[in-house]
Amino acid sequence: MVTDSWTIRSSRLLLRPLQQHDAPVLARYRNDPQVAAFQAWPLPYTLEQAQALIEAMQGRAPGDEGWVQIAVTLTSTGQLMGDVALRTFDRGAGGQAEVGVTLSPEAQGQGYAQEALTALLGHVFGTLRLHRVSASIDPRNEGVRRLLERLGFRHEGTQLQSYWHRGTWTDDAIYALLREEWNT
């Protein structure tokens, strides 16, 4: 088994590699219909799917090409509160990334998503020195839209009915932020 040693810290949170003991909690919140409403994973989301995702992430770190799922835990207790995702690409051209965030129902509404993404963006723009970060969201997801705007992301456009999601054609709103616009 690969031992991952990277972490990203904020005042209340520790972002770290997903570990196999996270699988039951990961499966529970990803299987919640309200949490999954605007996410691409299939429902039901099983313990086996959570274990497979964690296994696929072993040895990966933020900044590696492709997607990296990152555990969001409370510093005080180690409790898994959710996860953030980072997809890095175009490293040869200065680097770009896409981000996403998913929190368990009990973690929502407490500022954890903003704190986690702020810490991740600090790593992306500071340590990794990437040029641009984007987020692709369902425009009906008002909470994430407001979160992205608070973080300084700009709405760059919406692709109408551009992907098939849970039995219906769905719009895709694109938000982005340049390193030079990052204010933290």
Side-chain angles (χ1 to χ4, degrees), residues 1-64 66-88 97-128 130 133 135 137 141-153 177 182-184:
M1 182 171 164
V2 175
T3 302
D4 296 299
S5 59
W6 62 266
T7 60
I8 301 169
R9 295 181 183 274
S10 68
S11 61
R12 299 180 296 168
L13 302 174
L14 175 69
L15 281 60
R16 60 155 173 82
L18 283 166
Q19 300 167 358
Q20 280 300 334
H21 66 81
D22 295 324
V25 175
L26 181 70
R28 180 183 51 76
Y29 70 75
R30 283 186 164 219
N31 204 39
D32 183 297
Q34 289 183 320
V35 171
F38 302 115
Q39 301 285 4
W41 60 73
L43 290 176
Y45 192 86
T46 66
L47 179 60
E48 292 76 22
Q49 288 170 301
Q51 291 167 333
L53 173 63
I54 292 167
E55 183 62 32
M57 292 298 112
Q58 297 306 299
R60 296 192 49 73
D64 289 352
W67 283 107
V68 178
Q69 292 295 137
I70 302 164
V72 175
T73 64
L74 284 178
T75 303
S76 59
T77 65
Q79 178 184 357
L80 181 64
M81 305 302 287
D83 59 272
V84 291
L86 179 68
R87 180 176 71 96
T88 304
E98 181 178 355
V99 295
V101 61
T102 304
L103 290 183
S104 64
E106 60 273 10
Q108 295 178 14
Q110 299 177 60
Y112 293 133
Q114 183 167 341
E115 188 173 332
L117 282 180
T118 297
L120 183 60
L121 289 169
H123 182 76
V124 165
F125 288 131
T127 304
L128 300 177
L130 298 184
V133 174
I137 69 166
N141 193 342
E142 285 290 317
V144 170
R145 179 192 58 78
R146 287 190 305 270
L147 169 63
L148 292 172
E149 290 172 352
R150 280 194 308 273
L151 291 170
F153 282 73
L177 181 65
W182 178 239
N183 294 321
T184 299

Tell me if a side-chain donor or acceptor on [X] pairs with a main-chain N or O of [Y] at a distance below 3.5 Å.
{"X": "Thr88", "Y": "Ala97", "answer": "no"}
{"X": "Trp182", "Y": "Gly152", "answer": "no"}
{"X": "Thr102", "Y": "Gly82", "answer": "no"}
{"X": "Gln20", "Y": "Gln51", "answer": "yes"}
{"X": "Thr7", "Y": "Arg16", "answer": "no"}

Taking every non-hydrogen atom, the tightest pair across [X] and [Y]:
{"X": "Val101", "Y": "Leu147", "value": "CG1-CD2, 4.2 Å"}
{"X": "Glu98", "Y": "Ala135", "value": "CG-CA, 4.4 Å"}
{"X": "Glu115", "Y": "Ser10", "value": "OE2-OG, 2.5 Å"}

(request) Could you give me the CA-CA distance, side-chain angles and deciding distance for Ile70 and Leu120, then say whether side-chain contact (heavy atoms from CB on, under 4.5 Å) is met? (result) CA-CA 10 Å; Ile70 302 164; Leu120 183 60; 4.0 Å; yes
(request) For side-chain contact (heavy atoms from CB on, under 4.5 Å), just list the numbers for Leu53 and Tyr45, CA-CA rounded to whole Å, side-chain angles, deciding distance to a tenth of an Å, and then say yes or no. (result) CA-CA 11 Å; Leu53 173 63; Tyr45 192 86; 3.7 Å; yes
(request) Give a yes-or-no answer on whether the side chains of Thr46 and Gln49 include a donor-acceptor pair shorter than 3.5 Å. (result) yes
(request) Pick out which of Asn31, Leu47, Ile54 makes a side-chain contact (heavy atoms from CB on, under 4.5 Å) with Leu26. (result)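 Going through Asn31, Leu47, Ile54 one by one, the side-chain contact (heavy atoms from CB on, under 4.5 Å) with Leu26 is satisfied by Ile54 alone.
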(message) I'd like to know if Arg146 pairs up with Glu149 as an ion pair, taking the criterion as any Lys NZ or Arg NE/NH1/NH2 lying under 4.0 Å from an Asp or Glu carboxylate oxygen.
(response)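 Not counted as a salt bridge, because no side-chain N and carboxylate O are separated by less than 4.0 Å.
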